[in-house]
A.B. asks: 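I have a structure here, written as structure tokens, and I will follow up with some questions on it.
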Amino acid sequence: MSNTLLHAEYPVEAEDYTCAGEASADIKRKLKQLGVSANVLRRVAVASYEVELNLVIHSDGGVLSLEVTPDRVRLISKDRGPGIPDLDLAMREGWSTASETARSLGFGAGMGLPNMKRNADEFDIKSKVGEGTTIQMGFLLT
Amino acid sequence: MNIQDMVNVLHAKVLCGQERLETKVYTACCSDLMSDVLAFVNEKTVLITGLTNAHVLRTADMLDLKCLVFARGKIPGDDLLEQADEQGLVVITTPATAFTACGLLYEAGLRGVPIEWPESEARL
């Protein structure tokens with residue numbers, strides 16, 4: 001698209017807790033350089049970190065994409081599975097299927113998806129068991 | 001209250017950011033659950049925690065936090081402290097437990113971060 005100001009893709013590996021958060025830190029740095037306001041920057045950073053952690057904790061690996069146009073920041077997380085059997089349950093605060101490893105690091109409180117939804121201006125999640133999950137979030141700049 | 005006041009109240013040791021002790025602190029949050037911290041905390045808040053891994057720093061980075069307080073005398077590794085310094089964080093450690101640290105700071109006038117729930121999610 002001709003009006004895309006910035007596009008970046010970050011592969012995120014399953015259970016790679018050491019690197020978890022690096023993509024989000026880079027996304028935040030890039031958006032700051034673009035002059036995105038502090039309020040939007042913070043909301044994108046929180047949602048991005050949550051979705052990146054979800055890829056590490058729950059998925060078989062995937063890609064986190066960033067796209068910036070003059071009117072919005074868009075984050076897209078697309079994984080290779082395993083998919084979420086019950087989306088309503090997954091969206092419920094406090095519900096989590098995170099591993100002990102994730103919990104020992106301070107995650108898996110069941111706040112991730114609700115927190116993404118709360119911080120984003122637009123939120124959409126689609127999931128199919130055996131195929132994977134795609135989460136799209138939009139943050140308005142105007 | 002500024003960070004120096006917190007250091008005095010908590011009999012804390014400054015691990016990094018000595019030159020930033022005049023930074024003002026407005027509210028506090030105490031949690032080992034970074035998911036909760038990501039959900040509720042803003043940049044004017046100090047985080048009191050017993051967790052000393054890299055994700056505490058990443059969480060602080062995402063939220064632009066200015067100060068971390070490690071309870072129970074915990075001290076993170078040098079690599080984490082270097083990273084914290086690069087992030088512009090002040091990191092202090094107090095011998096007090098998280099509960100006592102919160103009590104001392106509350107007594108000194110610091111209050112919890114206000115949680116604003118959307119009406120649709122209102123609860124008791």
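Being a predicted model, the structure only gives us computed values, none of them experimental. Chain naming here is simple, since letters A, B, ... match the order of the sequence lines and numbering starts at 1 in each. Atom set for the values below is all heavy atoms of this structure, side chains included, hydrogens, waters and symmetry mates excluded.
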A.B. asks: Output the distance between atom CZ (A:R118) and atom CZ (B:F40), rounded to the nearest 0.5 Å.
C.D. replies: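 Answer for the CZ-CZ pair, A:R118 versus B:F40, is 6.0 Å.
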A.B. asks: Which bit of A:Y49 is near chain B, if near means a heavy-atom gap under 4.5 Å: side chain, backbone, both or neither?
C.D. replies: side chain
A.B. asks: With sequence neighbours left out, write down each residue that passes side chain to side chain contact (heavy atoms under 4.5 Å, CB included) with A:A102, or none if nothing qualifies.
C.D. replies: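 In terms of side chain to side chain contact (heavy atoms under 4.5 Å, CB included), with neighbours along the sequence ignored, A:A102 is linked to A:Y17, A:I57, A:A98, A:S99.
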A.B. asks: Using residues 127-142 of chain A as the side-chain source, report each donor-acceptor pair under 3.5 Å to any protein atom, sequence neighbours left out, with the distance given to one decimal.
C.D. replies:
from, atom 1, to, atom 2, distance (Å)
A:S127, OG, A:I84, N, 2.7
A:S127, OG, A:T133, OG1, 2.7

A.B. asks: Which atoms of B:T59 come close to chain A, meaning under 4.5 Å heavy atom to heavy atom: side chain ones, backbone ones, both, or neither?
C.D. replies: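 Both parts, heavy atoms under 4.5 Å.
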A.B. asks: Examine whether an atom of B:L33 lies under 4.5 Å from a heavy atom of chain A, and if so say whether it belongs to the side chain, the backbone or both; otherwise answer neither.
C.D. replies: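 Its backbone and side chain both get close to chain A.
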A.B. asks: Before accepting this row, confirm whether a basic side-chain N of the pair B:D61/A:R29 lies closer than 4.0 Å to the acidic partner's carboxylate O.
C.D. replies: no
A.B. asks: With a 4.5 Å heavy-atom cut-off, do B:L38 and A:M111 have their side chains touching?
C.D. replies: no
A.B. asks: Go through the atoms of B:D64 and report whether side chain, backbone, both or neither lie under 4.5 Å from a heavy atom of chain A.
C.D. replies: both
A.B. asks: Tell me, for B:A39 versus chain A, whether the close heavy atoms (under 4.5 Å) come from the side chain, the backbone, both or neither.
C.D. replies: both
A.B. asks: Is it possible for you to say whether B:V14 and B:M1 belong to one hydrophobic cluster, with membership spreading through side-chain heavy-atom contacts below 4.5 Å?
C.D. replies: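 Yes, because B:V14 and B:M1 connect within a single hydrophobic cluster, where side-chain heavy atoms sit under 4.5 Å apart.
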A.B. asks: Looking at chain B, which one of A:E50, A:R43, A:R103 has the largest number of heavy-atom pairs inside 4.5 Å, strictly under?
C.D. replies: A:E50
A.B. asks: Quick check: do A:S24 and B:R58 have side-chain heavy atoms less than 4.5 Å from each other?
C.D. replies: no
A.B. asks: Given heavy-atom pairs under 4.5 angstrom as the criterion, report whether the side chain, backbone, both or neither of A:S48 touches chain B.
C.D. replies: neither
A.B. asks: Name the option with the most non-hydrogen atom pairs under 4.5 Å to chain B; the candidates are A:A45, A:A25, A:G110.
C.D. replies: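 Option with the greatest count: A:A45.
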A.B. asks: Which atoms of A:E22 are under 4.5 Å from chain B, going by heavy atoms: the side chain, the backbone, both sets, or neither?
C.D. replies: both
A.B. asks: Examine whether an atom of A:A47 lies under 4.5 Å from a heavy atom of chain B, and if so say whether it belongs to the side chain, the backbone or both; otherwise answer neither.
C.D. replies: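 Looking at A:A47, nothing touches chain B.
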A.B. asks: Should A:L75 and A:L6 be counted in the same cluster of Ile, Leu, Val, Met, Phe, Trp and Tyr side chains packed under 4.5 Å apart?
C.D. replies: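 Per the 4.5 Å side-chain linkage, A:L75 and A:L6 are co-clustered.
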A.B. asks: Do you know the tightest heavy-atom contact between A:L105 and B:M34?
C.D. replies: O-CG, 4.4 Å
A.B. asks: If you define the side chain from C-beta out and look only at heavy atoms, does anything of A:L53 sit under 4.5 Å from B:H55?
C.D. replies: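 Counting from C-beta outward, A:L53 and B:H55 do come under 4.5 Å.
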